[in-house]
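To start, the structure under review is shown below, and the notes come after it.
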Amino acid sequence: MYTDKPLFTPGPLTTSLTVKRAMLHDLGSRDTEFIRVVREIRQELLKLAEADGRGYETILMQGSGTFGIESVIGSITPPDGKWLFVVNGAYGQRMLQIARTLQIAASDVSFPESWPAVAEAVAMALDHDPAVTHIGAVHCETTTGLLNPIREIGRVAALHRKVLFVDAMSSFGAVPIPVADWGIDFLVSSSNKCIEGVPGFSYVLARRNLLEQIMRSTQSAGYARSLSLNLLAQWRGLEADGQFRFTPPTHTILAFRQALTELGVEGGVAGRAARYRHNYEILITGMRELGFIEYLRPEDQGYIITSFRYPDHPNFGFIRFYELLNNKGFVIYPGKVSDAACFRIGTIGRIFEEDVRALLAAIRETLAEMEVTL
Ligand SMILES: *Cc1c(COP(=O)(O)O)cnc(C)c1O
């Protein structure tokens with residue numbers, strides 16, 4: 001009955017049948033059961049971030065991950081605030097673009113896409129620009145799959161007394177991120193990445209004293225530049241009666257609660273990390289055997305998603321490669337780096353060693369069909 005192709009992508013991802021089944025209920029958004037589920041999810045997310053009892057709040061926000069990022073940037077920046085974004089890929093660039101769109105002052109400290117960010121360079125950029133009040137950085141830069149040194153950037157942010165906001169969209173739930181220990185003030189991830197839920201909302205982990213400070217300095221009005229993406233108003237609503245201000249994605253939230261249960265069964269963040277890392281190791285070993293070369297140096301590569309260079313062979317064309325694999329029942333992902341021709345293979349979602357091995361066999365067959373010898 002369940003024949004969907006496995007998704008080797010950065011999301012939406014393959015989810016379990018039981019997560020999909022959890023959606024077979026029509027719950028009212030004011031139903032007491034629904035309100036209880038929302039409360040449980042908010043608490044459980046704090047535990048995953050090792051932030052339980054450490055002064056953090058979870059705010060759920062309708063929409064995909066980008067909506068959550070936009071709600072943070074648009075809602076926590078005072079009129080005289082300024083951002084410094086750490087950029088080494090498309091998602092760091094997107095944060096910058098959000099600030100520009102909202103006409104919020106912003107600059108960037110950029111690195112090549114093939115390099116993790118360097119915390120000392122972030123410190124130097126702060127020394128050069130005292131107007132900066134907020135730092136934005138991406139944890140797993142899904143453009144390439146590299147992991148940025150958030151803990152080190154957190155130390156720099158604390159030393160310079162800046163607010164730190166982290167886009168941990170593609171790592172949260174599968175890479176340990178102790179937000180308080182790493183000095184993260186705001187973090188965003190979404191329902192359809194490593195928690196293995198379905199798309200529909202993002203969630204923000206936020207330091208409560210910073211939320212309260214914004215409320216105090218604005219007589220509770222907040223700084224939001226948008227009505228629907230007003231993070232503080234959303235928080236107030238969830239705190240007051242447990243409800244969303246506007247229609248919540250009720251089915252997605254039921255699926256997410258089930259996904260969190262399954263994450264617990266797998267052994268939490270550590271258990272999920274072990275499976276994804278294993279998927280990655282099987283993939284990388286097999287791809288190297290086939291003659292593929294990764295874009296990143298292995299020491300900079302995370303186990304979430306990997307960029308591979310196009311093979312240097314006249315018969316290779318990505319579109320044909322993609323379609324032949326798709327016809328065999330495997331979905332991979334195009335590349336996103338700007339300075340090299342690459343494609344990407346994700347090793348996250350409800351996929352296991354046997355799925356990765358089947359993908360490798362299909363890639364071998366596809367190369368033979370294309371008469372690409374490496
Ligand atoms: C997936 C992702 C996003 C959000 O993308 P949406 O399409 O809005 O869900 C943001 N940042 C990173 C690093 C991501 O991997």
Side-chain angles (χ1 to χ4, degrees), residues 7-15 60-74 83 85-99 101-102 108 110-111 113 115-117 135-150 153 164-175 177 179 184 186-205 226 228-229 231 249 252-253 255-256 259 272 276 280 295-296 300-307 331-338 342-349:
L7 302 173
F8 295 89
T9 67
L13 302 171
T14 297
T15 58
L60 307 185
M61 182 59 79
Q62 296 97 324
S64 82
T66 306
F67 291 62
I69 296 174
E70 188 150 350
S71 80
V72 171
I73 295 174
W83 285 83
F85 292 109
V86 180
V87 178
N88 53 355
Y91 292 99
Q93 202 65 47
R94 186 178 295 177
M95 283 180 148
L96 182 62
Q97 198 184 352
I98 288 172
T101 305
L102 296 174
D108 64 287
S110 288
F111 302 88
E113 288 174 332
W115 278 29
I135 302 170
V138 179
H139 184 217
C140 175
E141 199 13 295
T142 319
T143 308
T144 53
L146 68 71
L147 288 172
N148 278 316
I150 296 301
I153 294 172
L164 176 61
F165 170 37
V166 174
D167 167 356
M169 211 68 71
S170 60
S171 53
F172 190 82
V175 180
I177 308 177
V179 286
I184 298 172
F186 293 87
L187 176 146
V188 171
S189 187
S190 73
S191 56
N192 61 278
K193 299 233 171 167
C194 297
I195 308 288
E196 300 183 357
V198 304
F201 70 94
S202 59
Y203 45 90
V204 181
L205 303 182
S226 155
S228 54
L229 296 178
L231 186 71
T252 298
I253 283 174
F256 193 75
R272 184 137 304 171
Y276 287 176
Y280 162 73
Y295 174 74
L296 292 176
D300 299 329
Q301 176 71 58
Y303 47 84
I304 301 293
I305 189 166
T306 307
S307 292
V331 181
I332 63 166
Y333 218 62
K336 208 169 187 166
V337 288
S338 45
C342 290
F343 62 89
R344 287 178 289 173
I345 299 182
T347 34
I348 56 180

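Computed from a predicted model, the values in this text were never measured in an experiment. Values reported hereafter were calculated over all heavy atoms of this structure, with side chains retained and with hydrogens, waters and symmetry mates removed. One-based numbering, in listed order, for ligands and for the atoms of each.
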Side chain, backbone, both or neither: [X] near ligand 1, heavy atoms under 4.0 Å:
| X | result |
| --- | --- |
| R94 | side chain |
| T66 | both |
| E141 | neither |
| S190 | neither |

May I ask you to identify the nearest protein heavy atom to [atom], giving residue, atom name and distance to one decimal place in Å?
| atom | answer |
| --- | --- |
| atom 3 (C) of ligand 1 | M169 CG, 3.4 Å |
| atom 11 (N) of ligand 1 | D167 OD2, 2.6 Å |
| atom 1 (C) of ligand 1 | K193 NZ, 1.4 Å |
| atom 9 (O) of ligand 1 | G65 N, 3.2 Å |
| atom 15 (O) of ligand 1 | T142 OG1, 2.5 Å |
| atom 7 (O) of ligand 1 | S64 OG, 4.0 Å |

Does the plane of the ring in F85 sit parallel, tilted or perpendicular to the ring in W83? Use 30° and 60° as the thresholds. parallel
Legend entry - Mutual orientation of the aromatic rings belonging to F201 and F256 [parallel < 30°, tilted 30-60°, perpendicular > 60°]: perpendicular
Test your reading of the model: is there a side-chain donor-acceptor pair from Y303 to the backbone of A174, 3.5 Å cut-off? yes
| task | State if C140 counts as touching ligand 1 under the rule of any non-hydrogen atom under 4.0 Å. | result | yes
So CZ of F8 and CD1 of I332: to nearest 0.5 Å the spacing works out to 10.0 Å
Exercise. Would you call D300 and W115 a side-chain contact if the rule is heavy atoms closer than 4.5 Å?
Worked result: no
Check your understanding: Any side-chain heavy-atom pair from L164 and I153 closer than 4.5 angstrom?
Key -> yes
Which of V204, L187, I184, V188 passes side-chain contact (heavy atoms from CB on, under 4.5 Å) with F165? It is V188
A student checking ligand 1 against S170 at a 4.0 Å heavy-atom cut-off should list atoms 15 (O)
* Asked: Are S191 and T252 close enough that a side-chain donor and a side-chain acceptor fall under 3.5 Å?
  -> no
